[in-house]
Amino acid sequence: MRDIRLLADPFDPSSSLEKLSEASPDSGGIASFIGKVRCGGGVEALELSHYEPLTLPGMDALADAAQERFELGGLVMLHRIGTMHPGDPIVLVAAAAPHRRDAIEAVDFCMDHLKSAAWFWKREKRADGWHWIEPREADHADLARWA
Amino acid sequence: MRDIRLLADPFDPSSSLEKLSEASPDSGGIASFIGKVRCGGGVEALELSHYEPLTLPGMDALADAAQERFELGGLVMLHRIGTMHPGDPIVLVAAAAPHRRDAIEAVDFCMDHLKSAAWFWKREKRADGWHWIEPREADHADLARWA
Amino acid sequence: MAVTILFLGPLRDIAGEDSREVSAPLDWPGLLDAVSGDVAAQLKEERVNIACAGKVLADKTLLHAEDGDEVALLPPVSGG
Amino acid sequence: MAVTILFLGPLRDIAGEDSREVSAPLDWPGLLDAVSGDVAAQLKEERVNIACAGKVLADKTLLHAEDGDEVALLPPVSGG
């Protein structure tokens, strides 16, 4: 199973995880990461914009790279675009693999690239209006680990 | 939320993940690993035995170590004992955290320790009977990363 | 026909518009002239990329957009 | 009263029993005498641990089990 998608509407990470698990009976391990809009901290909404001609092809190329680098039985990468609210899932990366560390590292690898090397721009709405989010230095350092 | 348990009966990792997610509204990230009995390969059943006076206290101490080492908003560690069949979940480790890499590394850390340093013994039933599973060399190397 | 310049992410706010049509062909000096001074200053920063016709340019100063091409101005990303 | 020796994991198969009661006190030489030669050979391996009264011994040769203690013989683990 390989499911790489941009989603304009809310989604349920649990049901995607279960589908991956069912579709990967010979993979003993499934690792996942779910990123959500944080509650608290004064964020009222979060908007993710993207550039269609680059974003999905970039995610597909990232999935290719993960499948080449790690021995995987399945890979799911779902990423929201549009406006989200606190508690809403933003991203799900899940990998099924015969060996535990392939699954965990594939998720780590994909998340680092989605954070720093995928064509998304994020802004938050606070009481005083919208603010663009700058990339964090830590995200670039995380990405550099895979070079 | 902290939920560290040994389970004698089948469990549903998805519902535990969802509970962790709901209980950790201010953690933007939730990482997880689900280990299942592999289908195929001729394994008909898997039995995990343990030593009660050590096993659960050991998992609690592991959870303490993870919470000390990483900034976590919640931690779930569920481990089956008894007889399982292909497709059955064996273990769920899930960590909620404000920062992605804390969540992912906490799961990695707990799994490495559960594999090589927790008091479980595993045997598989194949067509010719039961076989004890020896620890893998790779598991020891994985554990050594955290020393 | 023309070249469409697309302002993405925070560059949209700096430009005050989503996109702008300019006459083809469009090269790097032409692009810097076609946008506001604030946007031009951003474009000169290394961390701002340019895509032309769906491809990110390895060297944005070699931009050469023709009739019908879309030129996307890509500020630093912040996904996930 | 007595000391209970508990055979865990694969040691249970090697011993051919789950547990055995022996008279207290029990020390390391006494333990090696109380079990079969095959189990004793396993016990001498570094990767086999011993717990006494719920605590894993840092040095198993310092075993000193008293009346009512449980001595658990712990072969290499394979969890998760």
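What you see below is based on every heavy atom in this structure, not just the backbone, and it leaves out hydrogens, waters and symmetry mates. Below, chains carry the letters A, B, ... as their sequence lines are ordered, and counting in each starts from 1.
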Item to check | Winner by heavy-atom pair count (cut-off under 4.5 Å) against chain A, out of Asp26(B), Asp142(B), Val107(B) | outcome: Asp142(B)

Item to check | For chain B, the option from Ser21(A), Pro13(A), Gly41(A) that forms the most heavy-atom pairs under 4.5 Å | outcome: Ser21(A)

Item to check | Over all atoms of both residues, closest heavy-atom pair of Met84(A) and Val37(A) | outcome: CB-CG2, 3.7 Å

Checklist outcome for this item: Taken in chain and number order and not counting sequence neighbours, the residues that satisfy salt bridge (charged side-chain N to carboxylate O under 4.0 Å, His left out) with Glu22(A) are none

Next on the checklist: Classify the ring geometry of Phe109(A) against Phe70(A): parallel below 30°, tilted from 30° to 60°, perpendicular beyond 60°.
Outcome noted: perpendicular

Checklist entry - Does a salt bridge link Asp64(A) with Arg69(A), judged by any charged N lying under 4.0 Å from a carboxylate O? => result no

Checklist entry - Does the side chain of Thr83(B) pick up a donor-acceptor pair with the side chain of Glu47(B) at under 3.5 Å? => result no

Checklist entry - Are there residues of residues 92-103 of chain B that reach to under 4.5 Å of chain A by heavy atoms, and which ones? => result Pro98(B), His99(B), Arg100(B), Arg101(B), Ala103(B)

Next on the checklist: Is the distance between the ring centroids of Trp119(A) and Tyr51(A) under 6.0 Å?
Outcome noted: no

Checklist entry - Could Asp88(A) and Lys36(A) be called an ion pair, given the rule that one side-chain N must be under 4.0 Å from one carboxylate O? => result no

Item to check | Glu124(A)/Lys122(A) salt bridge by N-O under 4.0 Å criterion | outcome: no

Checklist entry - Where on Leu17(B) is there a heavy atom nearer than 4.5 Å to chain A: the side chain, the backbone, both, or neither? => result side chain

Item to check | Interface residue of largest heavy-atom contact number with chain A, from Pro86(B), Gly29(B), Ser32(B), Gly87(B), under 4.5 Å | outcome: Ser32(B)

Item to check | Segment of Ser15(A) engaging chain B (4.5 angstrom heavy-atom cut-off) | outcome: neither

